[in-house]
Amino acid sequence: MASSNGGPAFPGADPKDFPGIQGGMTLRDYFAAKAMAAILGHNAQPYEKTSGGHGNVPAIHPVDLAKECYRIAEAMIAEREGYAAQSSE
């Protein structure tokens, strides 16, 4: 997918000017978090009842959910970079 992480989600001061402070989340992380919020918000019940009624089990495994959210984020970055390249021609 995308070869880039999209750069910083919230660019600000250069982290080199502030030793010990990290640059924050990438745009890829930000897009993935937004995708996860949308998926979980749309599926108000991320858990489903077991057939025996003995509690809830995840409807989607959290690792699978995270992978899917990052695939969505990478697709968004790829589209964004393609649009930017197209716009500059």
Q: Please check if Leu65 and Phe31 belong to a single hydrophobic cluster, counting links between Ile, Leu, Val, Met, Phe, Trp and Tyr side chain heavy atoms closer than 4.5 Å.
A: yes
Q.
So which atom in Cys69 and which in Ala32 form the shortest heavy-atom distance, rounded to 0.1 Å?
A. CB-O, 3.6 Å
**Q.** Electrostatic pair Arg71-Glu68, nearest N-O below 4.0 angstrom
**A.** yes
Q: Over all heavy atoms of both residues, which pair between Ile72 and Ala35 is shortest? Give the atoms and the distance, please.
A: CG2-CB, 3.9 Å
Q) What heavy-atom pair brings Ala73 and Arg28 nearest, and what distance separates the two atoms? A) CB-O, 3.4 Å
Q. Is there a path of hydrophobic side-chain contacts, each under 4.5 Å between heavy atoms of I, L, V, M, F, W or Y residues, that connects Met36 with Tyr30?
A. yes
Q.
If I take atom CG from residue Asn5 and atom CD from residue Glu74, how far apart are they, to the nearest 0.5 angstrom?
A. 10.0 Å
Q.
With clusters defined by side-chain heavy atoms of hydrophobic residues (ILVMFWY) lying less than 4.5 Å apart, directly or transitively, does Ile77 cluster with Tyr70?
A. no
